[in-house]
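Order of the sequence lines fixes the chain letters, A, B, ..., with proteins taken first and strands second; residue numbering starts at 1 for each chain.
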Amino acid sequence: MEQIITRFAPSPTGYLHIGGARTALFNWLFARHHGGKFILRIEDTDRERSTEESVRAILDAMEWLGMDWDEGPYYQTERLDVYREYLQRLIDKGLAYYCDCSPEDVERRRQEALKAGRKPKYDGRCRDKGLGPGPGRVVRFRCPQAGTTVLNDLIKGSIEFDNAELDDLVLQRSDGFPTYNFAVVVDDVSMSVNYVIRGDDHVNNTPRQILIYQALEAPLPRFAHVPMILGQDRTRLSKRHGATSVMAYKEQGYLPEALVNYLVRLGWSYGDQEIFSREELIEKFDLDRVGASASVFDQEKLLWLNAHYIKEKPAGEIVRLLKPFLTERGYPDHGDDYLERAVATLQPRCRTLREMADAAAFYLVEDVEYDPKAAEKFLTPELAGPLKRLIETLKGLERFEEAELEKAFRRMAEDLGVKLGKIAQPVRVALTGVTASPGLFEIIDILGKETVLRRLEKALRFAEARSQ
RNA sequence: GGUCCCAUCGUCUAGCGGUCUAGGAUACUGGCCUCUCACGCCAGAGACACGGGUUCGAGUCCCGUUGGGACUACCA
């Protein structure tokens with residue numbers, strides 16, 4: 001069997017966005033699943049908009065998502081000889097020709113045609129002029145004017161195009177650079193790419209490309225056009241729908257596993273299964289289960305998956321990932337063991353690392369600030385008595401650990417004739433500043449005697465001060 | 001405007017003519033658990049866009065309507 005060769009070919013005109021990442025993922029998974037080859041190619045023939053930073057950003061994002069490539073990255077701007085060679089073949093065969101129409105003229109005629117209700121196609125006036133190379137001249141493809149071109153798409157099925165709809169597209173610009181439709185074909189032909197998996201915004205380009213393959217007498221690859229990812233308003237996903245850059249998700253505290261899992265499931269399914277490890281994805285992914293309709297990007301579901309992976313990962317691993325977020329907030333270093341215990345209590349409560357860094361504050365700062373409402377409600381003057389007693393009890397506790405602490409608290413609540421919550425909530429506010437937190441006893445255990453007593457005493461002073 | 005694509009709960013989807021009084025996930029609501037908040041568990045509400053065919057039988061096939069999207073460059 002022939003080896004499967006796929007490629008991801010972004011243009012470096014911005015960051016790797018969500019849609020591009022999914023396309024890359026589908027190509028990567030398809031190649032890995034079939035033991036094929038995955039090529040990375042940078043389509044930088046638009047010299048105006050391509051930048052070095054974008055290339056870097058795309059590579060970083062690929063790496064973060066864990067997509068490795070077997071060949072490349074190739075840069076189209078370094079392959080100009082190849083395009084010229086293929087182009088010359090077309091010219092020699094009379095399948096391409098030079099054109100000296102100015103862009104302004106072409107555009108003007110396009111507008112006129114549109115106004116007159118005709119198709120805004122290039123009118124082919126240079127077709128038979130027999131022009132040679134010259135400044136300002138482009139090379140156009142001599143597109144068949146009759147017949148139909150059919151695309152047998154792996155996802156969309158068979159699509160027929162009337163060649164009369166197509167015009168003589170530019171293959172080489174006046175600056176000598178190839179245009180997208182030509183470069184993409186030459187590259188895929190010369191790199192032996194046999195599966196072209198890309199966004200379905202390319203469907204309408206495909207007949208032109210097929211015609212170029214045929215003109216080149218090159219074997220056709222299999223095409224698979226995957227549906228677009230839409231925003232909540234069902235229009236093409238863009239900045240106004242929120243973060244669309246892959247790396248923005250990293251910065252917001254998402255795990256690559258979550259984003260990969262989410263993105264692959266967007267448009268692809270495997271029965272009722274929602275959670276897939278990387279290995280499972282490689283094992284199970286195939287094109288036949290990719291849907292045909294566009295899907296809406298749902299932040300909430302991504303969040304759910306992220307929460308899932310945060311819960312599932314070993315605490316030590318989360319600590320490593322969380323550190324940059326803590327540093328960013330300027331928290332002092334407490335050592336990995338301490339951090340790991342703290343993180344373990346936060347894992348089931350946070351959906352992103354960013355949330356976790358925020359929630360971890362009380363573990364890391366010297367003294368907590370009270371949420372005014374919480375303090376108002378729970379650190380009351382009547383609390384002074386029980387608080388004093390609690391401080392004494394804790395001081396006398398020889399084993400300052402979760403189980404013992406719980407016993408001590410329950411005993412005290414019983415003595416006082418109140419429910420545990422009656423004293424737990426004030427203590428929680430004293431220790432964390434807020435009314436929602438991990439389990440009280442694990443917090444006390446982790447915080448340690450010294451910190452706990454200090455915060456309780458501060459709370460006591462606060463409560464007493466209110467009675468004045 | 002033209003060409004092309006798409007159409008099951010709000011969202012992601014299962015469904016590949018009968019097993020669908022349409023399944024799962026998420027989000028939402030209620031309950032349980034419980035020191036709070038989460039997690040977890042249980043329950044609930046929620047969809048085949050519409051109209052014609054084809055067929056004994058249609059969410060599933062065909063056509064149309066409507067709606068949405070993409071493309072229509074010397075961008076990719």
Heavy-atom contacts, protein to nucleotides 1-10 of chain B, under 4.0 Å, summarised as B (base), S (sugar-phosphate only) or - (none) per nt, yield BSBSSSS--B
Heavy-atom protein contacts under 4.0 Å, nucleotides 39-51 of chain B, coded B base, S sugar-phosphate only, - none:
S------------
Is NZ or CZ of A:Arg265 both nearer than 6.0 Å to the six-membered ring centre of A:Phe276 and within 45° of the ring axis?
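Checked: cation-pi criterion not met.
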Does A:Arg140 make a cation-pi contact with A:Tyr98 (under 6.0 Å, within 45 degrees of the axis)?
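Because its charged atom misses either the 6.0 Å distance or the 45° angle limit, A:Arg140 does not stack over A:Tyr98.
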Can you see which heavy atom on [X] is nearest to which on [Y], and at what distance?
{"X": "A:Ser295", "Y": "A:Leu266", "value": "OG-CG, 3.7 Å"}
{"X": "A:Phe378", "Y": "A:Gln425", "value": "CE2-CB, 3.4 Å"}
{"X": "A:Ile275", "Y": "A:Asn261", "value": "CA-OD1, 3.5 Å"}
{"X": "A:Tyr363", "Y": "A:Pro438", "value": "OH-CG, 4.1 Å"}
{"X": "A:Ala21", "Y": "A:Val246", "value": "CB-CG2, 3.6 Å"}
{"X": "A:Ala384", "Y": "A:Leu460", "value": "O-CD1, 3.5 Å"}

On RNA chain B, does the nearest nucleotide to A:Cys101 precede the nearest nucleotide to A:Leu266 from the 5' side, or the other way round? Give the residue.
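Upstream on the strand: A:Leu266.
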Please figure out whether A:Ala9 or A:Arg351 has its closest RNA chain B nucleotide nearer the 5' end.
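That would be A:Arg351.
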Presence of salt bridge, A:Lys119 and A:Asp167, under 4.0 angstrom
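Not counted as a salt bridge, because no side-chain N and carboxylate O are separated by less than 4.0 Å.
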Can you check whether [X] reaches [Y] side chain to side chain, under 4.5 Å on heavy atoms?
{"X": "A:Phe161", "Y": "A:Leu211", "result": "no"}
{"X": "A:Gln209", "Y": "A:Tyr180", "result": "yes"}
{"X": "A:Leu25", "Y": "A:Met67", "result": "yes"}
{"X": "A:Lys388", "Y": "A:Thr393", "result": "no"}

Could you check which residues of residues 432-440 of chain A get a heavy atom under 4.0 Å from RNA chain B? Sort them by number, please.
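Of all residues in residues 432-440 of chain A, the ones placing a heavy atom under 4.0 Å from RNA chain B are A:Thr435, A:Ala436, A:Ser437, A:Pro438, A:Gly439, A:Leu440.
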Say we look at [N] and [M]: how far apart would their [atom1] atoms be, to the nearest angstrom?
{"N": "B:A7", "M": "B:A49", "atom1": "C1'", "result": "7 Å"}
{"N": "B:U36", "M": "B:A43", "atom1": "P", "result": "24 Å"}
{"N": "B:C20", "M": "B:G59", "atom1": "C1'", "result": "8 Å"}
{"N": "B:A25", "M": "B:G40", "atom1": "P", "result": "12 Å"}
{"N": "B:G15", "M": "B:G53", "atom1": "C1'", "result": "23 Å"}
{"N": "B:G23", "M": "B:C48", "atom1": "P", "result": "13 Å"}
{"N": "B:C9", "M": "B:A27", "atom1": "C1'", "result": "11 Å"}
{"N": "B:U19", "M": "B:C4", "atom1": "P", "result": "36 Å"}

Using the side-chain heavy atoms of [X], tell me which of these nucleotides is nearest: [options].
{"X": "A:Asn181", "options": "B:G15, B:C71, B:A76", "value": "B:A76"}
{"X": "A:Asp272", "options": "B:C74, B:A76, B:A14", "value": "B:A14"}
{"X": "A:Val170", "options": "B:C74, B:C12, B:C35", "value": "B:C74"}
{"X": "A:Val296", "options": "B:C74, B:A14, B:C12", "value": "B:C12"}

Side-chain N or O of [X] closer than 4.0 Å to phosphate OP1/OP2 of [N]:
{"X": "A:Arg410", "N": "B:C35", "answer": "yes"}
{"X": "A:Thr179", "N": "B:A73", "answer": "no"}
{"X": "A:Arg265", "N": "B:G24", "answer": "no"}

So, taking the atom named OG1 in A:Thr149 and the one named CD in A:Glu165, what distance separates them when rounded to the nearest 0.5 Å?
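Here the rounded value is 11.5 Å.
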For A:Pro221, the option from A:Val196, A:Ile197, A:Asp188, A:Val189 that meets side-chain contact (heavy atoms from CB on, under 4.5 Å)
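When side-chain contact (heavy atoms from CB on, under 4.5 Å) is applied between A:Pro221 and each of A:Val196, A:Ile197, A:Asp188, A:Val189, only A:Val196 qualifies.
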Assign A:Glu43 to base, sugar-phosphate, or nothing according to its heavy-atom contacts below 4.0 angstrom with the strands shown.
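Contact class for A:Glu43: sugar-phosphate only.
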Could one point to a donor on the side chain of A:Asp201 or the base of B:A76 with an acceptor on the other under 3.5 Å away?
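No.
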Do A:Ser295 and B:C12 have a side chain to base donor-acceptor pair shorter than 3.5 Å?
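Between B:C12 and A:Ser295, which were checked side chain against base, a qualifying N/O pair under 3.5 Å is absent.
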Sort me out a list of protein N/O and nucleotides 60-66 of chain B N/O pairs below 3.5 Å, or just none if empty.
none

According to side-chain contact (heavy atoms from CB on, under 4.5 Å), who are the partners of A:Glu112, at least two apart in sequence or on a separate chain?
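Applying side-chain contact (heavy atoms from CB on, under 4.5 Å) to A:Glu112 gives A:Arg108.
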With a 6.0 Å cut-off on ring centres, are A:Trp304 and A:Tyr309 close enough?
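Judged by ring-centre distance (under 6.0 Å), A:Trp304 and A:Tyr309 do not meet the cut-off.
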Is there any protein nitrogen or oxygen under 3.5 Å from a nitrogen or oxygen in nucleotides 30-32 of chain B, and what are the pairs?
none

Could you tell me whether a side-chain N or O of A:Thr432 sits under 3.5 Å from a main-chain N or O of A:Val434, the two making a donor and an acceptor?
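Yes, A:Thr432 side chain to A:Val434 backbone: donor-acceptor pair under 3.5 Å.
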